[in-house]
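First the proteins, then the strands, lettered A, B, ... as listed; each starts at 1.
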Amino acid sequence: MVIMLPRSSQGKPGKGCGLTWFFQQCTHHISHILACREVSPSTINEKKEITAQKEMLLTRAGGNLAAAFTKKRKFLFYTKIILFLDEDTIVAISLLIVHKDDDTGSDHNGNQYKTISLAMGRGWIISLLVLLSNGAVFVLKISFRGLHCTCSLTVTGLGLAVYWTRRLCSIMDQAMLVGAPVIGLNDSGGARIQEGVDSLAGYADIFLRNVMASGVIPQISLIMGPCAGGAVYSPALTDFTFMVKDTSYLFITGPDVVKSVTNEDVTQEQLGGAKTHTSVSGVAHQAFENDVDALLNLRDFFNYLPLSNKDPAPVIECHDPKDRLCPGLDIIVPLESTKAFDMLDVVHSIVDERKFFEIMPNYARNIVVGFARMNGRTVGIVGNQPKVASGCLDINSSVKGARFVRFCDAFNIPIITFVDVPGFLPGTAQEYGGIIRHGAKLLYSYAEATVPKITVITRKAYGGAYDVMSSKHLRGDVNYAWPTAEVAVMGAKGAVQIIFRGKKNQAEAEAEYVEKFANPFPAAVRGFVDDIIQPSTTRKRICRDLEVLASKKQTNPWKKHANIPL
Amino acid sequence: MMAYRSSAAFQGVLSAFKHVCLRPRCGVICRYSTVYDTDEKTFDKILIANRGEIACRVMKTCKKMGINTVAIHSDVDSNAVHVKMADEAVCVGPAPTSQSYLNMDAIMAAIQQTGAQAVHPGYGFLSENKEFARRLAAGGVTFIGPDTYAIQAMGDKIESKLIAKTAKVNTIPGYDGVVKDAEEAVKIAAEIGYPVMIKASAGGGGKGMRIAWNEEETREGFRFSSQEAASSFGDDRLLIEKFIDNPRHIEIQVLADKHGNALWLNERECSIQRRNQKVVEEAPSTFLDPDTRRKMGEQAVSLAKTVKYSSAGTVEFLVDSQKNFYFLEMNTRLQVEHPITECITGLDLVHQMIRIAKGYKLQHKQSDIGINGWAIESRVYAEDPYKSFGLPSVGRLSQYQEPLSFADVRVDSGIQEGSDISIYYDPMISKLVTYGSTRAEALKKMENALDNYVIRGVAHNIPLLRAIIVHPRFVSGDINTKFLQEVYPDGFKGHVLTAGGRCDLLATAAALYVAAQLRSQKFLGNLRVSSVPPETRCWELLVELEKGVYMLSVSHSGQNYTVEVDGEKVVLSGEWDLASPLLPIAINGKYRTYQCLQRSASGEITLQYLGTSFKLRVLSKLAASLSKHMPEKIPEDTSSILRSPMPGSVVAVSVKPGDRVAEGQEICVIEAMKMQNSMTVAKTGKVKSVHCKAGDTVGEGDLLVELE
């Protein structure tokens with residue numbers, strides 16, 4: 001075993017309690033492993049060497065790093081994961097891997113780089129096994145003045161393209177094997193140019209794992225620093241990408257390159273900050289205030305997820321009565337159908353303890369998606385949001401909804417859909433943008449999904465959008481309508497203008513249309529909705545249905561894979 | 001869509017669901033000794049020309065008397081509680097009151113349409129409108145209230161004072177004529193001597209009322225009052241009178257029939273006010289002796305008889321520290337705070353009003369009226385008490401639960417969970433009344449009721465109410481109309497924690513955090529393997545509260561948590577129901593109800609303790625040590641921007657971009673809930689941009705004006 005050490009002489013142990021504690025744990029862990037083995041006298045020296053070098057490696061390097069990072073207000077990977085994991089459960093993996101070759105790293109000043117890969121671990125979150133990968137590799141710059149950090153944090157496959165990537169891939173393979181989620185805490189500048197094609201190969205290996213693991217185990221990325229180049233594609237392949245406000249960025253190329261290529265002046269924050277990605281591009285699913293906030297929220301989020309696709313949706317002890325009535329819902333839908341109400345109010349009233357983990361709360365806000373619990377069981381919620389753009393379906397909201405529905409379907413999470421949709425958004429912008437094929441994604445996802453599907457039509461369910469929103473025809477298991485529901489091909493005004501084109505007395509025709517079509521009865525008598533229910537009883541009904549549907553088994557015809565209109 | 005909604009089919013769907021849940025709870029009206037004689041002939045159908053709690057209140061009595069009820073409502077109120085409670089409902093127009101609840105034509109049409117024989121006007125709106133009473137009389141419909149003459153005589157402050165003088169009622173020195181303009185106001189004020197009160201001749205309820213201590217304030221007061229008077233009452237006539245410093249506001253409830261009989265039903269102490277609007281009322285008053293009470297009562301009855309008053313009415317007095325009392329005004333309607341009189345006298349005032357309107361004689365003699373126990377009323381408003389003792393707040397009541405499970409608690413409300421508090425109407429949520437055989441008992445019950453009152457979704461004044469009723473000055477009865485300004489000279493800041501209170505609060509937050517953490521591991525089914533047995537752990541936590549950081553250690557067994565704060569052990573036990581908004585727990589054996597307002601994954605816990613909400617942050621030791629290093633977010637510089645402190649509409653904007661403004665200069669006026677509020681800038685500078693114009697509707701926190 002070859003261990004390369006940073007040639008440092010003046011490092012001081014880190015102050016951060018988490019860091020020190022972790023180092024102690026690691027050292028303790030290693031000595032424990034070594035002690036357990038039957039150690040022959042000839043290996044005693046080696047053991048001592050390992051322990052001593054390990055300790056030096058961790059404390060000295062860590063000490064300096066800790067200081068440097070504290071200054072930059074960022075934390076070391078360990079510190080992050082300890083916070084993130086249950087106490088005393090971390091097992092670091094591949095602690096001892098360092099360079100393939102001592103000579104690989106040196107910058108144009110002739111300064112030597114030493115890379116320590118301390119990036120992987122296994123631990124428990126809320127008693128669930130999780131494998132962490134994609135951690136940062138700390139590149140240490142050795143200058144004449146001693147050891148200090150250049151703060152270039154790189155991910156996966158740099159410096160140690162061969163050994164390190166191999167380990168990272170193997171941890172992902174292992175995750176798939178045992179059915180444990182993978183969580184990446186990303187902070188990487190991209191491919192290390194010095195590494196050449198090795199680093200590109202390293203990336204590709206990881207991308208392949210991401211794709212293979214997709215739909216097998218949940219994969220989550222938390223962006224905790226600037227990530228550029230190849231480093232952004234692994235998060236893009238994972239199921240959920242979360243960011244930290246003001247300190248994390250995601251872009252293909254940074255502002256400097258943008259300036260030289262397109263002559264655009266743009267800041268890091270504008271180009272790929274948390275705000276950009278959570279509200280404009282839709283790349284990231286949520287942003288948190290700071291690192292600590294992000295890690296604690298990720299812990300909370302993790303609790304909604306099953307461990308793998310073989311696991312049912314988790315059920316947790318629930319204090320909220322499953323037969324609780326929600327009197328507020330009886331009056332939430334305004335009498336005028338042109339007036340908006342907040343679908344989030346409906347969601348909050350119905351779910352357990354008003355707790356709703358919203359995915360992409362600031363992007364395509366005309367659809368609301370996220371996780372919640374019903375009588376303790378994780379459910380995925382999809383709802384049209386009449387408060388924004390009347391809750392219509394447009395390109396962005398269709399794609400947002402479709403991806404969420406597919407995640408739920410892949411991981412056995414029942415989907416509850418609250419409908420108030422006037423239709424797909426018309427206009428050239430949407431048609432040129434391909435609303436037809438994007439809208440088809442949502443339709444496709446709902447049709448394909450085999451998890452329990454419960455639908456509540458709260459108000460409008462017009463036209464094609466009615467079909468799309470988890471209708472009975474797309475194998476909806478239980479479809480309810482509130483008394484305020486209007487299930488029809490289109491709204492009264494538009495319909496009358498077409499049917500009675502050029503005729504007088506449009507108002508009368510409109511009233512007749514409303515009486516005949518724009519109400520829940522036509523759908524109910526045909527069995528397209530199972531029942532017209534009193535809104536305040538919605539929670540009670542859904543909880544009961546979920547119990548029945550828990551054992552639902554449905555399979556689609558065999559295929560290599562389906563061909564969703566991408 | 002309205003067509004279908006009002007169609008028979010839709011109503012059919014709805015009525016199929018009209019069971020207990022849709023029907024709002026009727027609340028508990030406590031302590032009525034009244035016997036409702038259903039054989040006594042009365043009206044068949046009454047229309048209630050009002051909304052909210054008072055409409056519901058009137059309907060409750062109607063139902064007891066076997067009278068059918070008709071509600072009127074504006075279009076935004078279609079789903080309101082009073083509409084559902086009524087047997088019939090008629091929409092009388094769009095949201096603005098002038099087009100709906102004040103729309104006499106529509107209301108007259110509704111009466112005709114439904115065949116209502118009588119109208120109860122409630123308070124506010126058309127309750128003291130002589131024109132309305134006249135039109136009803138002309139249409140052969142009974143107005144449940146006094147006749148037109150009394151309304152007119154008492155409704156006009158100038159005339160009422162003259163009549164009061166002739167009835168030998170003590171009056172305040174002042175100018176009895178109509179004030180023409182600001183300059184005349186200044187002249188009259190100088191004659192009477194400062195301070196003076198400027199008020200709307202047609203007004204009531206504190207609207208259009210300003211106190212001036214000097215010439216400048218007189219001019220400003222004149223301007224605001226006349227505008228408010230014009231918008232509230234359609235009558236901008238003002239009058240000026242001597243302002244009595246440090247007075248108490250005590251009023252006498254009277255009841256008179258159409259046969260010349262009149263009674264006084266004791267007093268109500270209404271001194272706790274903000275901006276001349278009552279907040280906490282009680283009956284009886286701690287201040288009056290039986291002799292003063294009798295004198296006030298007799299003068300009130302004398303006034304009632306002089307104006308040939310019939311129905312229930314209230315004579316308001318200002319009482320100075322020497323127990324001299326001066327006639328203020330007479331309200332010719334049912335008062336907001338009538339329930340406390342009902343509690344101590346056992347009479348149902350609405351019942352009496354209906355009987356009187358039907359022409360019956362009073363059932364009681366003055367000697368029948370006693371004082372039985374003590375009643376306190378807190379007006380629960382949707383308003384932010386930290387902004388000048390209450391600026392209106394609007395929104396949807398996402399959660400709402402009245403403390404009705406306690407004995408001797410009466411809640412008069414006209415809203416339910418899910419109701420909207422809109423900018424169009426009074427922001428009152430409810431009137432919370434507690435009754436006890438003694439004042440102390442009633443106060444204790446009030447504390448408990450306020451602690452158990454769940455209101456979410458809008459800001460509310462429970463923090464202020466809770467602080468008032470336990471304030472030593474209030475408890476001892478040492479109050480006057482300036483109470484709030486004197487007790488909170490720098491504005492109300494919420495409950496100030498004592499060392500013991502802080503300790504309890506910290507311990508509760510920590511225990512709640514641990515309970516939530518433990519619960520998050522309780523997966524049902526065996527799919528998830530636990531690596532650490534969580535039961536035996538001791539949790540080391542850091543809790544942030546009001547800029548202090550406290551180290552706590554928590555251990556637990558079953559439902560009991562032992563928390564160590566500063567070396568002191570606190571034992572907490574309770575249900576730890578994480579879904580319930582109420583958190584009844586025993587701390588070292590002492591019971592208290594906390595409310596959990598918010599609990600987030602990042603450790604933020606907001607608890608309501610003694611009415612005030614406190615933000616805490618609970619973090620593990622590790623998370624706390626890391627949190628220290630987190631970059632601080634730079635807060636927005638608020639001195640150069642002016643945001644709307646409340647939702648409302650912009651009445652006037654007096655600056656444009658490029659103008660130079662001085663600190664404290666008024667730059668726009670916002671009207672909310674019929675109160676005009678002057679917005680001033682916090683620093684001297686140049687206006688960069690103006691984001692509102694007269695007539696705009698603005699939300700809370702909306703940017704109005706930016707300075708450079």
Practice task
Under 4.5 Å, counting heavy-atom pairs only, tell me which of B/A80, B/P581, B/S580, B/S602 racks up the most with chain A.
Solution key: B/S602
By a 4.5 Å heavy-atom criterion (distance strictly below it), what part of [X] contacts chain A: side chain, backbone, both, or neither?
X: B/L619; answer: side chain
X: B/S419; answer: both
X: B/R396; answer: side chain

Practice task
Could you grab the distance from atom OG of A/S349 to atom CD of B/E417, nearest 0.5 Å is fine?
Solution key: 6.5 Å
Where [X] and [Y] come nearest, the two heavy atoms and their spacing:
X: A/P327; Y: B/Q416; result: O-NE2, 3.8 Å
X: A/E317; Y: B/R519; result: O-CD, 3.1 Å
X: A/N297; Y: B/A601; result: OD1-CB, 3.4 Å
X: B/S520; Y: A/I316; result: O-CD1, 3.4 Å

Fill in the blank from the handout: Given A/L329, A/D345, A/D352, A/D320, the one with more heavy-atom pairs under 4.5 angstrom with chain B than any other is A/D345
Fill in the blank from the handout: chain B shares the most heavy-atom pairs under 4.5 Å, among A/K245, A/H348, A/E289, with A/E289
Problem - Residues, nucleotides or ligands: over 12 heavy atoms within 6.0 Å of A/K355 NZ - result: yes
Problem - B/E575 atom CD, over 12 foreign heavy atoms within 6.0 Å - result: no
Fill in the blank from the handout: So, the part of A/R354 with a heavy atom under 4.5 Å from chain B: the answer is side chain
Between [X] (side chain) and [Y] (backbone), is there a donor-acceptor pair under 3.5 Å?
X: B/K522; Y: A/C318; result: no
X: A/H319; Y: B/L578; result: yes
X: B/N79; Y: A/P334; result: no

Exercise for the section: Decide yes or no for A/K339 and B/V76: does some side-chain heavy atom of the first lie under 4.5 Å from some side-chain heavy atom of the second? Expected result: yes
